[in-house]
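Reminder, nothing fancy here: chain letters follow the sequence lines and each chain counts from 1.
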Protein chains: 2
Amino acid sequence: MLINTRPDPSPSAHDRTYRGLRTRIMHGEIEPGFALTLRGIGKEFGVSMTPAREAVRRLVAEGALSLSSSGRVATPDLSNERIEELAALRSLIEVELASRALPRAHMALIDRLQMINGTITTMVETHDSVGYIRTNLEFHRTLYLRAQAPAMLAMAETVWLQLGPTMRKLYGKMRRNEAPHFHRHIIAALKAGDEPGLRLAVRSDVTQGLRMLTT
Amino acid sequence: MLINTRPDPSPSAHDRTYRGLRTRIMHGEIEPGFALTLRGIGKEFGVSMTPAREAVRRLVAEGALSLSSSGRVATPDLSNERIEELAALRSLIEVELASRALPRAHMALIDRLQMINGTITTMVETHDSVGYIRTNLEFHRTLYLRAQAPAMLAMAETVWLQLGPTMRKLYGKMRRNEAPHFHRHIIAALKAGDEPGLRLAVRSDVTQGLRMLTT
DNA sequence: ATGGGTGCGATGTGATCACAAACCGGGTCA
DNA sequence: TGACCCGGTTTGTGATCACATCGCACCCAT
């Protein structure tokens with residue numbers, strides 16, 4: 001009766017457009033500063049301008065897109081200060097999410113995380129930066145889902161969304177030859193039930209990428 | 001040239017509608033579960049359905065409004081678990097904001113906070129719950145503006161927005177006869193440059209209201 | 001009298017259109 | 001040669017319309 005957790009049986013045109021754009025942005029498939037047009041988005045998703053505009057407005061509200069003064073829409077090119085803020089937000093929220101997930105982390109979850117981490121290694125080896133970002137986010141989301149904190153998770157995803165295009169630039173320029181080793185620390189802390197260690201590992205993993213950009 | 005921090009010289013119809021609704025929601029002028037209609041919103045702000053729909057979509061994206069399965073829009077009626085999450089988010093983000101504002105807090109800021117706190121007392125005495133919520137938020141925003149962290153502040157305001165209608169219910173039912181005394185602790189810690197004290201005071205102030213609801 | 005079906009009004013959705021502003025050329029003149 | 005102007009084109013905005021869906025109340029049959 002009140003269970004509306006169903007993912008929506010008939011996705012509206014607006015929702016398809018929104019989800020499509022959102023995924024592309026979050027996974028870093030669009031470079032910072034790239035300009036989009038409503039008619040172009042509409043044509044791409046087979047809808048008219050109206051749903052395209054709603055999807056764009058929604059993404060602007062979430063900080064995934066930037067609206068210039070004349071209404072032109074583009075992916076944002078973040079300043080270093082803003083990147084630092086967003087990294088700090090990631091750290092704050094995700095450390096809390098990990099901490100809440102810890103007591104509920106069964107062995108099945110840890111196995112799944114290890115499997116995802118293996119996929120990340122594959123992505124690194126094949127130099128698939130989009131796949132790397134997507135799988136890395138899947139690693140974090142899988143862990144945080146156990147926290148049973150949907151509002152916090154939504155907040156964290158909003159931050160990921162804002163960092164999407166920048167992550168593309170970041171991981172594009174860094175010589176990456178191995179999966180993030182802090183993921184192993186996270187898994188180890190989960191196994192040991194070590195909360196301080198988990199918090200430190202998550203914080204380190206989240207803020208490691210930042211150092212590449214602002215220095 | 002690139003300075004588009006100007007608050008927008010000609011507010012569009014969509015923006016007026018959005019801001020109007022947002023203010024009313026954040027200040028607790030609408031009770032939880034109240035239903036709105038696009039045509040009603042349009043008539044109220046003198047615009048057509050299109051800008052009204054965009055404003056609603058934006059507010060839904062920010063969690064300020066809830067979209068039922070059939071597309072009907074209403075202010076959300078939050079569960080206790082969600083309220084706890086949002087309170088925890090407020091605590092995480094606002095403690096960080098206060099901490100970042102501390103080194104930049106001059107005497108003029110402290111004076112201004114004390115003045116706002118006086119206004120809060122007035123609001124309490126006149127039983128103006130909307131005015132109370134508005135002035136209380138002004139107190140926090142004035143402090144956090146000094147942190148020079150716009151992304152974090154935006155995140156905090158999003159949380160306020162989601163809690164708006166619930167705050168109305170909360171402050172409506174509590175017998176309140178004095179301004180929140182943790183505000184005095186905040187001001188004292190600012191004066192003393194006491195960061196741990198400030199963090200504790202902010203955390204206490206933010207989570208105090210929660211206890212009224214979930215118990 | 002009451003339960004269920006039916007039709008009308010209200011509501012959200014998406015497409016289309018008219019319009020204004022912005023952008024991007026080329027062409028012209030100093 | 002270079003800067004400036006100007007017109008065509010692109011783009012966002014907001015209004016309006018047609019339509020599907022939902023809710024609700026009224027009415028009829030049992």
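Taking the salt bridge (charged side-chain N to carboxylate O under 4.0 Å, His left out) definition, one finds that B:R72 meets it with nothing, sequence neighbours left out. Take A:R146 and apply the side-chain hydrogen bond (donor to acceptor under 3.5 Å, both in side chains) test, not counting sequence neighbours, and it matches no residue. Judged as a side-chain contact (heavy atoms from CB on, under 4.5 Å), and not counting sequence neighbours, the contacts of A:T119 are A:M123, A:T135. By the side-chain hydrogen bond (donor to acceptor under 3.5 Å, both in side chains) test, A:T126 pairs with no residue at all, sequence neighbours left out. The side-chain hydrogen bond (donor to acceptor under 3.5 Å, both in side chains) search around A:E31 returns none, not counting sequence neighbours. Residues meeting the side-chain hydrogen bond (donor to acceptor under 3.5 Å, both in side chains) test with B:R199, sequence neighbours left out: B:S99, B:E195.
When each of A:M49 and B:M49 is assigned the nucleotide of DNA chain C with its nearest heavy atom, B:M49 is the one assigned upstream, toward the 5' end.
Residues in residues 38-53 of chain A take part in these salt bridge (charged side-chain N to carboxylate O under 4.0 Å, His left out) pairs, two or more places apart or across chains: A:R24-A:E44, A:R53-B:E54. Sorted by first then second residue, the salt bridge (charged side-chain N to carboxylate O under 4.0 Å, His left out) pairs that include residues 88-104 of chain B, not counting sequence neighbours, are A:E84-B:R100, B:R90-B:E94, B:E96-B:R100. For residues 136-167 of chain A, the pairs satisfying ring pair (Phe, Tyr, Trp, His ring centres under 6.0 Å) are A:F139-A:H183, A:H140-A:Y144, A:H140-A:H183, with sequence neighbours left out.
Near DNA chain C, meaning a heavy atom under 4.0 Å away, the residues from residues 34-48 of chain A are A:V47, A:S48.
Rounded to whole Å, atom P of C:dG12 lies 17 Å from atom CG of A:D15.
With a cutoff of under 4.0 Å to any heavy atom of chain B, the contacted region of DNA chain D is bounded 5' to 3' by D:dG14 to D:dC22.
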Base versus backbone protein contacts along nucleotides 20-25 of chain C [heavy-atom cut-off under 4.0 Å; B, S, -]:
--SS--
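When each of B:I25, B:L65, B:T75 is paired with B:F34, the side chain to side chain contact (heavy atoms under 4.5 Å, CB included) condition holds for B:T75 and for no other.
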